[in-house]
Q: 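Let me give you the structure first, and then I'll get to my questions.
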Amino acid sequence: MLNQIHYGFVIDVSRCIDCRACLVACRAENQVPLGHSRIWVRDSGLQGSFPDLSRTFIPTNCMHCDEPPCVEVCTSGATYKDPATGLVLVDQEACIGCGLCVEACPYEARYLDPQRGVVDKCNACPARLERGDTPACVATCLGGARLFGDLNDPESDVSKALAKSGGSQRLVTAETDPGPNIFYINGDLQQAGLAPRLPRYTASESVWRKAAVPFVLAAITLSFLGQAAAFTRQLLAGEKEFDE
Amino acid sequence: MSHDDYVPLAERRRLRTKTIKKHNLANILTHWFNVAMWALLLPTGLAILSSPRIGLVPEIWQTLMRNLFGGTANLIRFHYSVGLLWMIVLTFNILLGFRKYFLPFSRERMLLDRDDVEWLKVKPLQMLGLARGRPLPPQDVYNAGQKLYMYAVIGGTFVIGLTGLIMTFHAYIPWPSLIQWALPAHFTAVGLVVAGLIIHIYMGAVFPEEKEAFFSMFTGTVSAWYARQHHAKWYWRKALEEAEWEERVLAEGRLSHTTRPEAESPLPSDARMT
């Protein structure tokens, strides 16, 4: 549906100076515990050879993917893709902090909050969106590198920036492309060495999926069939008028 | 063993109407409390399990339960609240009735003896249509199959409870890998108990020969005839207890008869008074 909201970020890497005001704003807005962060600024390091040197700073956070591996792996649906906005969110009241999603995320965009025992990540500041503001990192970005808005709305900041840029890049590889919704403009990501990793699945998840589920299904099927056979025999035999 | 022998009609008639107590009230209440907890926990637990990678539970069930309880978080809250109640009541029952119910029950009704081992060898073969000629050894108050299922239920309940507590109190568990392993353990334990539960419900509530066992879970009693046919060892022990009791009462009667002076009169005492 075209008139549905599809939130996404557009990041103009040419405008990021690595001031990290976004990290501070995010921490303040979302009470992110020290030692963890919901967002980052990656550094490509010095590129090229003297005198043709360049250095790129690449702001990142949760990519709010179209096909998020974290949602696929979440046991209870505590992590879900909001159908109304396209954002990938964590219902922290439902999360039990098992961390399967932390392993699965190819962008390492999630962390386990040790205080609360739940997973935390960028949720695009829903309270700010509710009152018509942009997320804290976007509102605070001095250079205007971080942009946020509805990718389906041609009048939004992100759509206009994308249209003007004449080309965008996403952090994907041939192996890992969960459909990230951060579009990078005005810079070359290929040289920055920020390729997403493959989704990781814990041993417990593999054992569960590959061994426990077939085993339990076989046991239940067997027991059901045994019961069904006995029941069929019982029906065929019919009921006795007088039973001892 | 004599339970295979011909029983005369009058004796059969007597046994059919005579009842023997099989379950005490504590057992009956604990059983139906467990039933209620399973009825609440299994549907909600299945609905919570929504990972597309596991992909077991139909989406319609996940949505139905989430809408019924008001979202994932409330569904989980309901599930672990009922689970906590289950664990608290079971622990309370075991502690409160440890000497009076738990120890005697474990000692007298749960241990496997040589006959049970033989039963486990013969019964599966007979169910497959083999070894028809081999006699089934007599069984105690629970047969060996029931005992094995009881072990599965007790072990399963322990694993389900422990892993459930780990997940409920996840905020106090410093090792995420423990929570990660609690998930498949919880799932597997529930799955195995459910596999047994299907047979348990069929045998208990539908299978015609065990009809009495079903009603005994309400009344606590079975007919002596049923006990003799299905649980001969227990029946004959009960019969012996009863014979000993009769013997004791008769002995008391004889004792009082010989020591009372008026007993020497040829007439009964009340007859003399009139």
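Lettering follows sequence order; numbering is per chain, from 1.
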Q: What verdict does the side chain to side chain contact (heavy atoms under 4.5 Å, CB included) test give for A:T202 and B:W181, after you've listed the backbone C-alpha separation in whole Å, the side-chain angles of each residue and the deciding distance to 0.1 Å?
A: CA-CA 9 Å; A:T202 60; B:W181 281 104; over 6 Å; no
Q: Within this structure, what is the CD-OG1 distance for the pair A:E93 and B:T72, rounded to the nearest 0.5 Å?
A: 11.5 Å
Q: So do B:L56 and A:L217 actually touch side chain to side chain, heavy atoms under 4.5 Å?
A: yes
Q: Decide if atom CZ of B:R14 counts as having more than 12 heavy atoms of other residues, nucleotides or ligands within a radius under 6.0 Å.
A: yes
Q: What closest approach, in Å, do A:I96 and B:H170 show between heavy atoms, and which atom pair accounts for it?
A: O-CB, 3.1 Å
Q: What distance separates B:I199 CD1 from A:F224 CZ, expressed to the nearest 0.5 Å?
A: 10.5 Å
Q: Crowded around A:E67 CD? As in, over 12 foreign heavy atoms under 6.0 Å?
A: no
Q: Between A:D91 and B:A73, which heavy-atom pair has the shortest distance, and what is it?
A: OD2-CB, 3.8 Å
Q: Using only atom types and a distance under 3.5 Å, with no angle test, would you say the side chain of A:Q227 pairs donor to acceptor with the backbone of B:I201?
A: no
Q: Side chain, backbone, both or neither: which part of A:A211 has an atom under 4.5 Å from a heavy atom of chain B?
A: neither
Q: Who among A:A230, A:G226, A:P114 has the most heavy-atom pairs with chain B under 4.5 Å?
A: A:A230
Q: For the candidates A:L100, A:L112, A:V102, which exhibits the highest count of non-hydrogen atom pairs separated by less than 4.5 Å from chain B?
A: A:L100
Q: To the nearest 0.5 Å, what is the distance between CD1 (B:I173) and SG (A:C98)?
A: 13.0 Å
Q: Would you say A:T75 and B:I54 make side-chain contact, with heavy atoms under 4.5 Å?
A: no
Q: Keeping B:S51 on the side-chain end and A:E72 on the backbone end, is there a donor-acceptor pair under 3.5 Å?
A: yes
Q: For atom OH of B:Y151, is the number of surrounding heavy atoms from other residues, nucleotides or ligands below 6.0 Å larger than 12?
A: yes
Q: Does any backbone or side-chain atom of A:R116 lie under 4.5 Å from a heavy atom of chain B? Answer side chain, backbone, both or neither.
A: backbone
Q: Is it the side chain or the backbone of A:Y201 that comes within 4.5 Å of chain B heavy atoms, both, or neither?
A: side chain
Q: Does a side-chain heavy-atom distance below 4.5 Å link B:Q180 with A:E205?
A: no
Q: With side chain to side chain contact (heavy atoms under 4.5 Å, CB included) as the criterion, how do B:L183 and A:S204 come out once you've worked through the C-alpha distance, each side chain's angles and the decisive distance to 0.1 Å?
A: CA-CA 8 Å; B:L183 289 160; A:S204 56; over 6 Å; no
Q: Given a strict heavy-atom distance threshold of 4.5 Å, which part of A:V213 is in contact with chain B: side chain, backbone, both, or neither?
A: both
Q: Hey, what do you get for NE2 (B:H79) to OG (A:S76), rounding to the nearest 0.5 Å?
A: 11.0 Å
Q: Tell me whether the rings of A:F231 and B:Y202 are parallel (<30°), tilted (30 to 60°) or perpendicular (>60°).
A: perpendicular
Q: Around B:F158, counting heavy atoms of other residues, nucleotides and ligands shown, do more than 12 lie under 6.0 Å from its CZ?
A: no
Q: Specify which of B:T168, B:N74, B:I166, B:L192 makes the most heavy-atom pairs with chain A at under 4.5 Å.
A: B:L192
Q: Tell me whether B:T188 contacts the main-chain N or O of A:A212 through its side chain, where contact means a donor paired with an acceptor under 3.5 Å.
A: no
Q: Looking at B:I60, I want to see if its CD1 is surrounded by more than 12 non-hydrogen atoms of other residues, nucleotides or ligands under 6.0 Å.
A: no
